[in-house]
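The structure under discussion appears below in the form of structure tokens.
Predicted model only: the values in this text are computed from it and were never measured. Excluded from the calculations below are hydrogen atoms, water molecules and symmetry mates; all remaining heavy atoms, backbone and side chain alike, are included.
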Amino acid sequence: MIELLFLLLPVAAAYGYVMGKNSAKNQAHEQNRKITSEYSKGLKFLLDREEDQGLEHLIKLLEVSADSVEHYLILATLFRKRGELDRAIRIHELLLKQPSLDIQVIQSCKLALAEDYIMAGLLDSAEEHLVELVKADYEEALMPIIQLYSQTREWQKGVSMYESHADLFTEQVYCAAIANFYCEAALEYQASENQSPDHSTDYLERALKLPKTTIRPLYELGHDALGKEDNVKAIYYWRKLVSQFPCAIPLVLQDLQVCYQRLNIEHEFHALVNDLLKTSGVLVKIKHCEGLVEAGHTQQAVAYLTDSLKREPSIRGFSFLLKLLATKQDKFQSVLNEVDNLVSAYVATKPDYQCRNCGFTSHKLYWLCPSCKSWESILPSQGVDGY
């Protein structure tokens, strides 16, 4: 009898294993069936236009199963588009409590949650998540946190973030933002009575050490030198600016000419203008013609500008041509001057600056576009009405 019991023990164990396995399968099957049923109910609510009930039903289901993470991320995006940020936040927070998510999904959820917080005005909570992601070298968090610090004007935080994670800032758009953070911080130091002027200059020079060269540090350093009556240094920075960024020439060309005049070397300015002719707009061509007129070659200036306008029409160029003709045609001087006044009035109605990213236009220079929030995307206008 004892021997028989020993023989039956393995059989009983095997039977127990098989039954247990089948039971687990049945439980899993039953669980999946319930989940599918609950999904169907939620979708039925949505199809019946009972959106509030359907969305609430699907949120509750998240607490039962987090297998379909992608579905819930899409659902959260739907909530955000509907302006229901509390529900979007709830979904992302519930997802982050799931223990089985891989690191990529966790990072995506944290980024989405930070964006929810920003839209809801919970900026401190958003910053906390974005800082975590940047510390984890998650590059997709860079632009949101740059935009956050731009919104809150916390320039020093942005600078510190860059200096701690400089290897992430390889793109031009990131470098432009951080360069402007340095410049904004420098201007705040300039306005402070407790700070040395050298501290401001140091910040501007640190902006030049970024991986990508940007416009504003060179622009501000030139003005900083001009304010200190250091014309040589102003010329140095602005020559670098106009050679590397022809689109920004109108920002400094007049002040650059003043620096050369103060040093009594205006001939070098005209030599620079000649070098820039091939890559620049109508403003440089007008400066070239002014040089010809000063040298007594008015007819040559008229011929050059007329030929240039045939190839690249420009209202500002046409206005200057009218002025040149008025000096040569005494009989028609009053008529030409009147036409020029009309043209000048037309030009005054046109925006001086335009965003290369979104098309926003303005008579004032903004380093941060008020429309699309891009740094250094607003530049002097181009085309028939531009520079």
Side-chain angles (χ1 to χ4, degrees), residues 80-81 83 114-115 118-121 123 126 130 140-155 157-159 162 169 171-188 204 207 210 212-220 222-223 238 241-242 244-255 279-284 286 312-319 343-387:
R80 190 190 297 162
K81 288 181 178 179
E115 291 170 346
I118 289 172
M119 290 186 69
L123 302 185
L130 292 171
E140 289 180 41
L142 287 181
M143 189 49 65
I145 200 167
I146 284 171
Q147 291 174 341
L148 177 62
Y149 288 147
S150 299
Q151 180 181 342
T152 58
R153 300 181 63 84
E154 295 178 286
W155 316 121
K157 280 189 177 181
V159 167
Y162 163 71
F169 292 79
E171 300 293 330
Q172 182 72 31
V173 65
Y174 302 146
C175 291
I178 297 302
N180 278 270
F181 282 14
Y182 275 114
C183 293
E184 291 290 345
L187 293 179
E188 287 185 355
L204 294 173
L210 287 160
K212 304 285 186 181
T213 305
T214 55
I215 295 171
R216 193 176 179 188
L218 293 168
Y219 173 88
E220 297 289 1
H223 277 289
W238 284 338
L241 175 60
V242 300
Q244 294 183 49
F245 300 98
C247 58
I249 288 174
L251 297 178
V252 299
L253 191 61
Q254 187 59 45
D255 288 331
T279 59
S280 306
V282 70
L283 188 61
V284 172
I286 290 173
E312 295 179 58
S314 165
I315 298 296
R316 296 174 197 274
F318 178 63
S319 176
V343 173
S344 297
Y346 168 81
V347 170
T349 66
K350 296 301 177 180
D352 295 313
Y353 304 98
Q354 183 173 31
C355 178
R356 300 294 193 266
N357 189 43
C358 71
F360 172 84
T361 57
S362 171
H363 288 287
K364 175 184 175 182
L365 174 62
Y366 292 94
W367 292 109
L368 177 65
C369 177
S371 177
C372 67
K373 309 303 180 186
S374 298
W375 285 101
E376 288 193 9
S377 60
I378 293 183
L379 294 167
S381 299
Q382 296 178 326
V384 175
D385 297 326
Y387 292 95

Measure the spacing between [atom1] of [X] and [atom2] of [Y] and express it to the nearest 0.5 Å.
X      : Y      : atom1 : atom2 : answer
Tyr219 : Phe245 : OH    : CZ    : 15.0 Å
Thr214 : Ile178 : OG1   : CD1   : 10.5 Å
Gln147 : Lys373 : CD    : NZ    : 9.5 Å
Leu130 : Tyr149 : CG    : OH    : 8.0 Å
Cys175 : Leu210 : SG    : CG    : 5.0 Å
Ser280 : Ile286 : OG    : CD1   : 12.5 Å

Minimum side-chain heavy-atom gap [X]-[Y] below 4.5 Å:
X      : Y      : answer
Leu204 : Tyr182 : no
Pro351 : Ser362 : no
Gln354 : Ile378 : no
Leu123 : Gln151 : yes
Leu368 : Asn180 : no

Pairs in or reaching into residues 140-154: which pass salt bridge (Lys or Arg N to Asp or Glu O under 4.0 Å), with residues at least two apart or in two chains?
Glu154-Lys157
Sorted by first residue and then second, give each salt bridge (Lys or Arg N to Asp or Glu O under 4.0 Å) pair with at least one member in residues 346-357; sequence neighbours left out.
Arg316-Asp352
Non-neighbouring partners of Tyr387 that pass ring pair (Phe, Tyr, Trp, His ring centres under 6.0 Å), sequence neighbours left out
none
What residues, two or more places apart in sequence or in another chain, satisfy ring pair (Phe, Tyr, Trp, His ring centres under 6.0 Å) together with Phe169?
Tyr162
Please report the shortest heavy-atom distance between [X] and [Y], naming the atom on each side.
X      : Y      : answer
Cys369 : Phe360 : SG-CB, 3.9 Å
Ser314 : Gly317 : OG-N, 3.2 Å
Ile215 : Leu241 : CG2-CD1, 3.7 Å
Ala126 : Ile118 : CB-CG1, 3.5 Å
Pro250 : Pro246 : CD-O, 4.3 Å
Ala348 : His363 : O-CE1, 3.4 Å

Intermediate values then yes/no, side-chain contact (heavy atoms from CB on, under 4.5 Å), Cys355 and Ser371:
CA-CA 9 Å; Cys355 178; Ser371 177; over 6 Å; no
All salt bridge (Lys or Arg N to Asp or Glu O under 4.0 Å) counterparts of [X], not counting sequence neighbours:
X      : answer
Glu220 : Arg216
Arg80  : Glu115, Asp116
Glu171 : none

Please list, chain by chain and in numerical order, all residues satisfying side-chain contact (heavy atoms from CB on, under 4.5 Å) with Gln244, sequence neighbours excluded.
Thr213, Lys240
Who pairs with Lys81 by side-chain contact (heavy atoms from CB on, under 4.5 Å), at least two apart in sequence or on another chain?
Thr77
Partners meeting side chain to side chain donor-acceptor pair (under 3.5 Å) with [X] (sequence neighbours left out):
X      : answer
Trp155 : Glu188
Trp375 : Ser150
Asp255 : none

Run the side-chain contact (heavy atoms from CB on, under 4.5 Å) check on Leu283 and Leu253 step by step: do they pass?
CA-CA 9 Å; Leu283 188 61; Leu253 191 61; 4.0 Å; yes
His223 and Trp238: side-chain contact (heavy atoms from CB on, under 4.5 Å), yes or no, with the steps?
CA-CA 9 Å; His223 277 289; Trp238 284 338; 3.7 Å; yes
Around atom CZ of Phe318, are there more than 12 heavy atoms from other residues, nucleotides or ligands closer than 6.0 Å?
no
Test Tyr353 against Tyr366 for side-chain contact (heavy atoms from CB on, under 4.5 Å), laying out the working first.
CA-CA 9 Å; Tyr353 304 98; Tyr366 292 94; over 6 Å; no
